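What follows is one structure encoded as structure tokens, with my remarks underneath.
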Amino acid sequence: MSSIPEFIDGLKTKLDNLDSAGIYKNERALTGAQQVHVHAGGKELLNFCSNNYLGLANNEQVINAAKSALDQFGFGMASVRFIAGTQTQHVALEDKLTSFLSTQATILFPSCFDANGGLFEALFDENDAIISDALNHASIIDGVRLCKAQRFRYQNRDLADLEIQLQAASAAKNIVIVTDGVFSMDGYLAPLVGICDLAEKYGALVMVDDSHATGFIGDGGAGTPAHCEVQNRIDIISGTLGKALGGASGGFISSRHPEIVQMLRQKARPYLFSNSVPPSVVAGTIAALELISSNPELAGKVRENARYFRALMVEEGFDLLPGVHPIVPVMFSSEHVAAAMAKALFDRGIYAVAFSYPVVPMGKSRIRIQLSASHTFDEIKECVNAFVDAREEISV
Ligand SMILES: *Cc1c(COP(=O)(O)O)cnc(C)c1O
């Protein structure tokens, strides 16, 4: 057995190894609110790396709704939902999400990580099978691990492989296919029509984690099921309040089967054993959903900004992964080039992050740009100019 100092020394070595491998994560502290213009590391920066897709994280109406909720509903709940942690507005937000997504029922969680963490164990057991896309979010991977169901995995968005896995799982009592609606490293959408067709053929349920879509993808911002016109064929949707919907925190599961949500209220452990979403966050999110519904041009603007950035970058000869999503991966030949570009962009006042192995496959290093509805065309142009300039400086 090792001593405590030996254990701590071991941690030091592992941390040093992360650093020398270039994958140690340093945090930059913003001096103010989450928005396009931020200040960090002693610099004024244009922010191109947040999930603030609709620019609602620092929206005045959202903030005012949160402020009045502080007066009316207080600061914290100091309880889980089923004891003393449900206010009328928690129920109102669940109902609002239900109508926003055209489902039948919705349950809030402290985060989408918790929603995915609690979902599978509450609904499935060792007689069942979960078939999961290989690139699904970490919270799905963890949630599946916590469940006794048999596990199958298919290659990212690969319908032929999904069918092979469906056949392999066919002895299971219940089968659920699980996919992200949008894959966050690539900005690619899941092929939901093909997935639903296969699900129908094999009698499987379909679950979509739509965290990078709720609020701005598809008609009315109802997400990838709306975009793919399969809303009435998706059984379970999970999502976050921490991205487009104001970006504070919280998550949810929504379903066209009320019984699924009812069961989660009885069994999902992060719901039963973790605190309620704070009152100000609930009120701010309700305001965000109202703003999205009454201003469809918000979602239109982020899509337009994505199109504009993609067009300018292609014109300048950059290598982009194709698509429509405001996640725009700009590809580079090596992790060194991607890292040098991110640094050169930072020097020019553009805040964006480079991703390399093991977050993305070897040889697929990239800078991930994320557009927001609150970027102006001038700011997007400034970003593109900085890319051109930075490329010259490091001469790739
Ligand atoms: C961001 C994200 C989550 C986590 O959401 P939180 O509410 O921050 O826990 C889960 N799944 C996907 C696909 C995400 O992109």
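Everything numeric in this text was worked out from a predicted model, so none of it was measured. We count ligands from 1, going down the list as the structure has it; atoms in each ligand are counted the same way.
- Side-chain atoms of Gln35 and Asn58 include a donor-acceptor pair closer than 3.5 Å.
- When only non-hydrogen protein atoms are considered, atom 9 (O) of ligand 1 lies nearest to Phe113 N, 2.9 Å.
- Close approach of ligand 1 to His212 is summarised as follows: ligand atoms under 4.0 Å from at least one heavy atom of the residue are 15 (O).
- Among all non-hydrogen protein atoms, the one lying nearest atom 11 (N) of ligand 1 is Asp209 OD2, 2.6 Å.
- Between His137 and Phe113, the two ring planes are perpendicular [angle over 60°; tilted spans 30° to 60°].
- Counting protein heavy atoms only, atom 14 (C) of ligand 1 is closest to Lys243 NZ, 2.9 Å.
- Taking the six-membered ring where tryptophan is involved, the planes of Phe48 and His375 are essentially parallel, since the angle between them stays under 30° and well short of 60°.
- Residue-environment remark: CD (Glu229) stays at or below the threshold of 12 foreign heavy atoms within 6.0 Å.
- Between Asp186 and the choices Arg368, His325, Arg157, Arg366, the side chain to side chain donor-acceptor pair (under 3.5 Å) rule is met once, by Arg366.
- Looking only at protein heavy atoms, the nearest one to atom 7 (O) of ligand 1 is Thr240 OG1, 2.6 Å.
- Contacts between Ser111 and ligand 1, counted as non-hydrogen atom pairs separated by less than 4.0 Å, involve both the backbone and the side chain.
- Within the structure, the closest approach of Gly250 to ligand 1 falls below 4.0 Å when heavy atoms are considered.
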Might you work through the salt bridge (charged side-chain N to carboxylate O under 4.0 Å, His left out) test for Lys43 and Asp347, ending with a clear yes or no?
CA-CA 9 Å; Lys43 277 187 82 74; Asp347 292 341; 5.6 Å; no
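- Relative ring orientation between Tyr351 and Phe346 is described as perpendicular, the plane-to-plane angle rising above 60° on a 0-90° scale split at 30° and 60°.
- At a 4.0 Å cut-off, not a single heavy atom of Ser184 sits close enough to ligand 1 to count as contact.
- Taking every heavy atom of Ser139 and a limit of under 4.0 angstrom, the matching atoms of ligand 1 come to 10 (C), 11 (N).
- Within the 4.0 Å heavy-atom cutoff, Gly242 does not count among the residues contacting ligand 1.
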The test is salt bridge (charged side-chain N to carboxylate O under 4.0 Å, His left out); show your working for Arg153 and Asp161 and say whether it passes.
CA-CA 9 Å; Arg153 205 166 72 142; Asp161 194 24; over 6 Å; no
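- For atom 5 (O) of ligand 1, the nearest non-hydrogen atom of the protein is Cys112 CB, 3.3 Å.
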